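Start at 1 and go down the list; that is how both ligands and their atoms are numbered. Since the structure is predicted, the reported quantities are computational estimates derived from the model, not experimental observations.
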Amino acid sequence: MIKRVLCIGAGYVGGPTMAIIAKHCPGVEVVVADINPERIGAWRSGTPPIYEPGLEAVVREGLGRNLHFTTEVEAAIANAEMIFVSVNTPTKTYGHGAGRAADLQHVEQTARTILRHARGDVVVVEKSTVPVRTAEAMERIFRSGNGQARFEVLSNPEFLAEGTAVRDLEEPGRVLIGGRETEAGRAAVEALVEVYAHWVPRERILTTNIWSSELSKLVANAFLAQRISSINSVSAVCEQTEADILEVSRAVGADSRIGPLFLRAGVGFGGSCFQKDIQNLVYLCEYYGLEEVARYWDAVVTMNQYQKRRFVRRMITAMFNTLAGKRIAVFGFAFKANTDDIRDSPALEICRDLVNEHAHVCVTDPQALDNARLALVDIDRSVAFELDPYSAAEGAHAIAVLTDWEEYRNLDYARIYASMEKPAFFFDGRNMVDAERLHGIGFNVYSVGRPPHTTL
Ligand code: UDX
Ligand code: ADP
C-alpha cells in the first residue's frame with residue numbers, strides 16, 4: 001500500500017487532483033511540488049492560485065491533515081513512492097514541429113530530476129497530457145545514468161474539465177490507468193488502482209496497456225472538440241437558411257446514439273487541451289505517414305479558427321462595415337465559465353481582431369480579468385478592463401458575449417441599453433440570453449446560428 005505520494009506541478013490539474021486524493025486517502029501523505037514559489041505560496045495559504053468552484057474548501061481541509069505544498073522538488077522526490085508528473089506540456093512555439101508538436105522540455109527535465117533524486121521502488125505516473133509513447137522516453141531516461149531507484153512508468157491521464165474539476169474528480173466517469181504488461185508493470189497498476197479505489201467504484205477504473213491509455217486521452221479530447229466544430233459548422237449553415245441551431249441541436253441530440261451534450265454552438269472551443277491535443281494527434285499521424293488521418297483531424301481546428309473569424313466578420317457587417325472608433329464591450333474572457341483560465345480562449349483572437357479593426361475594446365470578466373490584462377498588454381495598450389459589466393457597457397456601441405458566465409443571462413439589460421450608443425448591438429457568442437427579450441428592449445441581437453433579431 002502506497003503511503004507517500006508526490007505530484008510535480010501544482011497547476012490546474014495537479015493541484016485539484018492531489019487535493020481530492022488527500023481527501024479520500026487520509027492514510028497517505030500527499031505532497032505537491034512546484035518550482036513556482038508564488039503558486040506554492042498561494043496553495044499553502046489555503047487560497048488556490050487558480051479559480052475553481054469548491055476547491056478552496058477541499059484544500060483547506062487537506063492542509064491541516066495530509067496535504068502539503070513545497071518548492072523543494074528534489075527533497076520531495078527522495079521521499080516519494082509514487083510520483084505524478086503534472087507539469088505543463090504546451091504546444092511548441094519554436095523549431096521543429098512548432099505550432100503542432102508538444103513541448104516536452106518540462107516533462108524531460110522532470111524525468112531527469114526524478115532519476116537523480118529518487119530512492120527505492122518508485123512508480124512514476126504521467127498525468128500531463130502527452131504525445132503517445134512519451135512513457136517510453138521517460139523509461140529510457142530512467143534507464144540511463146546510475147540512479148538509485150527502480151522505476152515503473154504508468155499513464156493515468158486526467159479527464160477533469162475546468163470549472164467542474166472538483167465534481168469530476170469526486171465522481172469520475174472513468175479513471176484510466178495504462179501500464180506495462182509485465183509483472184512489475186501490473187503491480188504498479190494495481191498500486192494506483194488501490195489509491196483510486198478509496199472513492200471510485202472498481203468498475204469505473206479501466207486498466208489498459210500504456211499506449212492505449214496515452215492515445216485514449218488524445219482521442220477523447222479530439223472527439224469532444226470534433227462535436228463542437230461539427231455543430232459550429234452547422235451554425236454557419238443555419239445563419240444562411242433561417243434554421244435555428246438550438247432547434248437543430250435539440251433534434252439531433254435527441255437521438256440516443258448521438259446524445260445531447262457538447263452540441264452548444266458558440267465562438268469556438270478554447271482551453272489548454274482541445275487544440276493542443278488535436279495538434280498532437282495530427283503530428284503523430286504525420287509522423288507515421290497517415291496523411292489522410294492527419295488532415296481529417298486537422299479540419300477540426302481549422303473549423304474552430306473559422307468560427308472565431310466568422311463571428312468578428314458578422315459583427316463588422318452588422319455594424320455598417322466598420323468598427324473603427326466604436327466601443328465594444330467584451331463580456332467574458334475566460335475560455336469557459338467558472339474558471340479564470342484564458343489559455344487558447346476564443347476571446348484572445350476575437351479581441352485581437354477587434355483591435356485590428358480599430359475598435360475600442362473594453363473587457364469584463366468576473367474571474368479572468370487579471371489574466372486577460374496580462375495577455376492583452378502585448379496586443380494593445382488601449383484595451384480597457386472593467387470588473388463591473390455595467391461599467392464596461394457604458395457608452396458602448398456593442399456587447400459581445402464570449403464566455404458563458406451564468407450571470408450574463410440575467411443582467412439588467414434595460415439599464416445597460418439605456419447607457420449605450422444607439423443603435424445598440426448585442427452579439428451573443430454563447431447563445432446565453434433571451435434574444436427576443438433583448439430585442440424587445442431595443443437591442444439588435446445576433447446569436448450564433450440563429451436568425452437575428454433586428455429592427456434596422
Ligand atoms: C476538456 C475536456 O472536457 C476534459 O475531459 C479534458 O480533461 C480537458 O479538456 P476543458 O477544456 O476544461 O476540458 O473544458 P470543456 O468543458 O471541455 O470545454 C472546452 C471548450 O469547449 C470551452 O471553450 C467551451 O466553452 C467549449 N464548448 C464546450 C463549446 O463551445 N460547446 C459545447 O457544447 C461544449
Ligand atoms: P496544467 O493545466 O496541465 O495543470 P499548468 O500550467 O496549470 O498546467 O501547471 C503546470 C505546473 O507545472 C506549473 O505550475 C509549473 O510551474 C510547473 N512546472 C513546470 N516545470 C516544472 C518542473 N521542472 N518542476 C516542477 N514544477 C514544474
Side-chain angles (χ1 to χ4, degrees), residues 6-18 32-40 42-43 48-50 52 69-74 76-77 83-90 102-114 127-130 157-165 168-169 172-174 176 216-218 220-225 227-232 235 245 249 253 260-278 304 307-308 332 334-347 402-405 429-431 448:
L6 166 66
C7 176
I8 302 181
Y12 284 89
V13 172
T17 309
M18 293 303 125
V32 189
D34 200 294
I35 42 176
N36 182 331
E38 282 96 49
R39 271 204 160 174
I40 289 298
W43 285 109
I50 56 170
E52 188 61 59
F69 293 91
T70 182
T71 50
E72 310 273 313
V73 183
E74 299 174 359
I77 290 171
I83 304 177
F84 291 83
V85 177
S86 195
V87 298
N88 35 333
T89 51
D103 188 341
L104 291 175
Q105 60 171 315
H106 303 297
V107 171
E108 179 167 342
Q109 270 161 21
T110 303
R112 289 182 189 283
T113 315
I114 292 174
K127 219 6 148 179
S128 323
T129 308
V130 289
E158 186 46 62
F159 293 103
L160 70 81
E162 289 175 29
T164 52
D168 295 345
L169 287 163
R174 82 299 211 186
L176 179 59
S216 298
K217 169 69 184 185
L218 297 187
N221 277 344
F223 269 55
L224 291 169
R227 273 175 82 90
I228 300 169
S229 276
S230 296
I231 203 73
N232 282 342
S235 77
I245 196 69
S249 292
L261 301 178
F262 263 71
L263 286 180
R264 275 178 287 117
V267 278
F269 58 76
S272 68
C273 287
F274 283 176
Q275 180 164 326
K276 179 182 86 175
D277 288 353
I278 292 179
N304 200 47
Q307 188 75 351
K308 290 179 263 190
F335 80 96
K336 63 186 281 196
N338 297 318
T339 178
D340 61 350
D341 195 353
I342 61 159
R343 285 177 291 179
D344 278 336
S345 175
L402 301 188
T403 309
D404 48 344
W405 287 104
R430 298 290 189 163
N431 292 348
V448 176

- [ ] Please write down residue, atom name and distance for the protein heavy atom closest to atom 12 (O) of ligand 1.
- [x] Glu162 N, 2.7 Å
Task: Identity and separation of the nearest protein heavy atom to atom 23 (O) of ligand 1 - done: Phe335 O, 2.7 Å
TODO: Give the contacting part of Leu263 toward ligand 1: side chain, backbone, both or neither, where contact means a heavy-atom distance below 4.0 Å.
DONE: backbone
TODO: Verify whether one side chain among Gln307 and Ser235 offers a donor that lies under 3.5 Å from an acceptor in the other.
DONE: yes
- [ ] Identify, by atom number and element, the atoms of ligand 1 in contact range of Leu224, meaning under 4.0 Å from any of its heavy atoms.
- [x] 3 (O)
Open item on the list: At under 4.0 Å between heavy atoms, is it the side chain or the backbone of Arg343 that contacts ligand 2, or both, or neither?
Closed with: side chain
Open item on the list: Counting only nitrogen or oxygen atoms and a 3.5 angstrom limit, does Asp404 reach ligand 1?
Closed with: no
- [ ] Mark yes or no for whether Ser128, through its side chain, and Val87, through its backbone, hold a donor-acceptor pair below 3.5 Å.
- [x] yes
Open item on the list: Distance under 4.0 Å to a non-hydrogen atom of Gly11: what atoms of ligand 2 satisfy this?
Closed with: 4 (O), 5 (P), 7 (O), 9 (O)
- [ ] Please write down residue, atom name and distance for the protein heavy atom closest to atom 31 (N) of ligand 1.
- [x] Arg264 O, 2.9 Å
Open item on the list: Heavy atoms only, cut-off 4.0 Å: how does Ala161 contact ligand 1, side chain, backbone, both, or neither?
Closed with: both
Open item on the list: Using modelled atom types and a 3.5 Å cut-off, is there a donor and acceptor pairing between side-chain atoms of Glu74 and backbone atoms of Thr113?
Closed with: no
- [ ] Would you please determine whether Ser86 falls within less than 4.0 Å of ligand 2 on a heavy-atom basis?
- [x] yes
Open item on the list: Tell me whether Phe159 has any N or O atom under 3.5 angstrom from an N or O of ligand 1.
Closed with: yes
Open item on the list: Using a 4.0 Å cutoff against the non-hydrogen atoms of Thr110, which atoms of ligand 2 qualify?
Closed with: 22 (C), 23 (N)
Open item on the list: Please check whether Asn36 reaches ligand 2 - meaning an N/O of the residue sits under 3.5 Å from an N/O of the ligand, judged on distance alone.
Closed with: no
TODO: Would you mind listing which atoms of ligand 2 come within a distance below 4.0 Å of any non-hydrogen atom of His106?
DONE: 20 (N)
Task: Test item: Ile114 and Ile8 side chains (from C-beta on) under 4.5 Å apart, heavy atoms - done: yes
Open item on the list: Is there a polar contact between ligand 2 and Ala33, counting only N or O atoms under 3.5 Å apart?
Closed with: no
Open item on the list: Given Gly271, Gly270, Ala225, Ser345, identify the one with the heavy atom nearest to atom 20 (C) of ligand 1.
Closed with: Gly270
Open item on the list: Please work out, at 4.0 Å between heavy atoms, whether the side chain, the backbone, both, or neither of Val87 comes within that distance of ligand 2.
Closed with: both
Open item on the list: With nothing but distance in play, are any N or O atoms of Ser272 less than 3.5 Å from an N or O of ligand 2?
Closed with: no
- [ ] Pick, from Thr403, Val267, Ile228, Asp168, the option with the minimum heavy-atom distance to atom 30 (O) of ligand 1.
- [x] Ile228
Task: Location of contacts on Lys217 toward ligand 1, heavy atoms closer than 4.0 Å - done: side chain
Open item on the list: Below 4.0 Å from ligand 2: does a non-hydrogen atom of Lys127 turn up there or not?
Closed with: no
Task: Protein contact of atom 16 (O) of ligand 1 - nearest heavy atom, named by residue and atom, plus distance - done: Lys336 NZ, 2.8 Å
- [ ] Using the ring of Phe159 (Phe, Tyr or Trp, six-membered ring only), decide whether Arg174 places NZ or CZ under 6.0 Å from its centre and within 45 degrees of its axis.
- [x] yes
- [ ] Can you pull out the closest protein heavy atom to atom 25 (O) of ligand 1? Residue, atom name and distance to 0.1 Å, please.
- [x] Arg430 NH1, 2.6 Å
Task: Any N/O pair Asp34/ligand 2 closer than 3.5 Å - done: yes
Task: Heteroatom proximity flag, Phe274 to ligand 1, N/O under 3.5 Å - done: no
Open item on the list: If you define the side chain from C-beta out and look only at heavy atoms, does anything of Tyr12 sit under 4.5 Å from Asp341?
Closed with: yes
